[in-house]
Amino acid sequence: MKGRISHLPTIHVSLSEKAFEIQDNCGGIDLDDALTEAFNFGHPIGWKSESLGVYGVGLKRALFKLGDHFEISSKTLKNGFRCELDVSQWVKNDESLKDWEIPITEQPQAASLSSAGTKICVDRLHEEVISRIKTGTVESSLCRFIATTFCFFLERYVRILVNGQKVEPAPIPTSKPSRGSISFERIADDGVQIRVIATIAAQDDTRHFDQTRAGWYVVCNGRVVLSADKSDITGWGIPPMPTFQPKFRSFVGVVFFESSDPML
């Protein structure tokens, strides 16, 4: 495809009943960022960053919800670090704020750009996590979620493989109307650039509209946070707007929110 790069930074995700692992060659996490940002709970007052994350709790929450033990190692061209935590023992200490710190030790930097990256491994998985993996549906669900949420990034800026299977982007199914034109509006509000697009949906191979993919899509700094929404979140069913019905299956709307400060 035009515009795609053959040698993309790559993220390998593997999951089994024994462990959940992510490994990439995306440049690594700087030691200072690890000490002051990545392993903090939340952000300090006045924090600003041109990142996708907002609240500063997602990584830690994911690790704790998956299992009782994790290891993280990361190397950049400048420095490196390693972290290992026995969660079941760590949570027993809660006498001071220092007990909330996640221990980090400095490691040598990467020898080359190709070896600069991060590895996260969570094992001793919780029973509910193991049960879900045993159903055999987690891998396919994860692939669908990645394909939709990061459709603007996949195979353009990054490649993601889940258990060795490359995840292809699932683009928002927009098309150009045969009559009339696409509705478009641009708004600027308090440091946020907003673009609203309303158009016809793309047809599938049988020249039909897929009702499951119709509705509104909300994209924040390139990440799809709401997909094919047909609820009152995007106005459906709030007078004078109608509730979503099959006759609207050819409709797709997209709202892009973009800001250098994701909190806005």
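- No more than 12 heavy atoms of other residues, nucleotides or ligands lie within 6.0 Å of CD in Gln165, so this atom counts as exposed by the packing criterion.
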*Chi angles and distances behind the side chain to side chain contact (heavy atoms under 4.5 Å, CB included) call for Ile197, Val252*: CA-CA 8 Å; Ile197 300 169; Val252 167; over 6 Å; no

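- With values rounded to the nearest 0.5 angstrom, Glu128 atom CD is found 11.0 Å from Ile133 atom CD1.
- Annotation for Ala110 and Ser115: closest pair CB-OG, 3.7 Å, computed over non-hydrogen atoms.
- One N or O on the side chain of Asn163 and one on the backbone of Leu15 form a donor-acceptor pair closer than 3.5 Å.
- There is no path of hydrophobic side-chain contacts, each under 4.5 Å, that joins Val122 to Phe145.
- From Asp32, atom CG reaches atom OG1 of Thr36 across 6.5 Å, with rounding to the nearest 0.5 Å.
- Here the closest heavy-atom approach between residue Ser259 and residue Leu264 is recorded as OG-CD1, 3.8 Å.
- Salt-bridge check for Lys18 with Asp123: failed, with every basic side-chain N at 4.0 Å or more from each acidic carboxylate O.
- Both Val225 and Ile187 are assigned to one and the same hydrophobic cluster, defined by single-linkage of ILVMFWY side chains at heavy-atom distances under 4.5 Å.
- Of the inter-residue distances, the one linking Arg159 atom CZ with Leu154 atom CG reads 10.0 Å to the nearest 0.5 angstrom.
- In this structure, Leu63 CG and Glu71 CD are separated by 12.0 Å, a value rounded to the nearest 0.5 Å.
- Across all their heavy atoms, Phe70 and Phe64 have their closest contact at CE2-CE2, 3.7 Å.
- The closest donor-acceptor contact from the side chain of Ser74 to the backbone of Gly117 lies under 3.5 Å.
- Contact of the Phe257 side chain with the Pro262 side chain is not registered, since no non-hydrogen atoms from C-beta on lie closer than 4.5 Å.
- Residue-environment remark: CZ (Arg132) stays at or below the threshold of 12 foreign heavy atoms within 6.0 Å.
- Using a 4.5 Å heavy-atom threshold, the side chains of Cys26 and Thr118 count as separate.
- Contact annotation: the side chain of Thr174 approaches that of Val254 to within less than 4.5 Å [non-hydrogen atoms, C-beta and beyond].
- Side-chain contact between Thr199 and Ser175 is absent, with no heavy-atom pair separated by less than 4.5 Å.
- In this structure, Thr148 contributes its side chain and Ala170 its backbone to no donor-acceptor pair below 3.5 Å.
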*Carefully, step by step, assess Glu21 and His12 under the rule side-chain hydrogen bond (donor to acceptor under 3.5 Å, both in side chains).*
CA-CA 8 Å; Glu21 185 174 295; His12 294 269; over 6 Å; no

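- Here Phe209 contributes atom CZ and Arg249 contributes atom CZ; the two are 8.0 Å apart, rounded to the nearest 0.5 Å.
- Note: Phe251 and Trp216 have perpendicular aromatic rings, judged against thresholds of 30 and 60 degrees for the angle between ring planes.
- Closest heavy-atom contact between Cys143 and Val167: O-CG1, 3.6 Å.
- At a threshold of 4.5 Å between non-hydrogen side-chain atoms, the residues His208 and Gln203 do not count as touching.
- With hydrophobic clusters built from ILVMFWY side chains whose heavy atoms lie under 4.5 angstrom apart, Leu113 does not share a cluster with Leu31.
- Taking hydrophobic clusters as Ile, Leu, Val, Met, Phe, Trp and Tyr residues chained together by side-chain heavy-atom distances below 4.5 Å, Val196 shares a cluster with Trp236.
- Of the charged side-chain nitrogens involved, at least one lies within less than 4.0 Å of a carboxylate oxygen, so that Asp86 and Arg124 count as a salt-bridged pair.
- Both tests hold for Arg195 against Phe256: distance to the six-membered ring centre under 6.0 Å, angle to the ring axis within 45°.
- Without hydrogens or angle criteria, Asp232 side chain to Gly235 main chain gives no donor-acceptor distance under 3.5 Å.
- The shortest heavy-atom contact between Lys230 and Gln211 is CE-O, 3.1 Å.
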_Derivation and outcome, side chain to side chain contact (heavy atoms under 4.5 Å, CB included), residues Leu77 and Gln109_ = CA-CA 6 Å; Leu77 292 176; Gln109 71 270 27; 6.0 Å; no

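- Under the side-chain contact (heavy atoms from CB on, under 4.5 Å) rule, Thr10 has a single partner from Leu161, Val158, Ile160, which is Leu161.
- Phe184 and Val192 fall into different hydrophobic clusters, where Ile, Leu, Val, Met, Phe, Trp and Tyr are joined by side-chain heavy atoms under 4.5 Å apart, directly or via other members.
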*Step-by-step side chain to side chain contact (heavy atoms under 4.5 Å, CB included) determination, Val219 to Phe152*: CA-CA 10 Å; Val219 186; Phe152 292 103; 4.0 Å; yes

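- Looking at heavy atoms from C-beta onward, Val224 lies in side-chain contact with Cys151 at the 4.5 angstrom threshold.
- Between the side chain of Ser250 and the backbone N or O of Ile200 there is no donor-acceptor pair closer than 3.5 Å.
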_Quick one, Ile11 with Gln23, criterion side chain to side chain contact (heavy atoms under 4.5 Å, CB included). Give me CA distance, side-chain angles, the key distance, then yes/no._
CA-CA 6 Å; Ile11 302 170; Gln23 186 168 3; over 6 Å; no

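- Nearest heavy-atom pair, Pro177 versus Ile182, reported as atom, atom and distance to 0.1 Å: CD-CG1, 3.7 Å.
- Taken to the nearest 0.5 Å, the OG atom of Ser227 stands 6.5 Å off from the CZ atom of Arg213.
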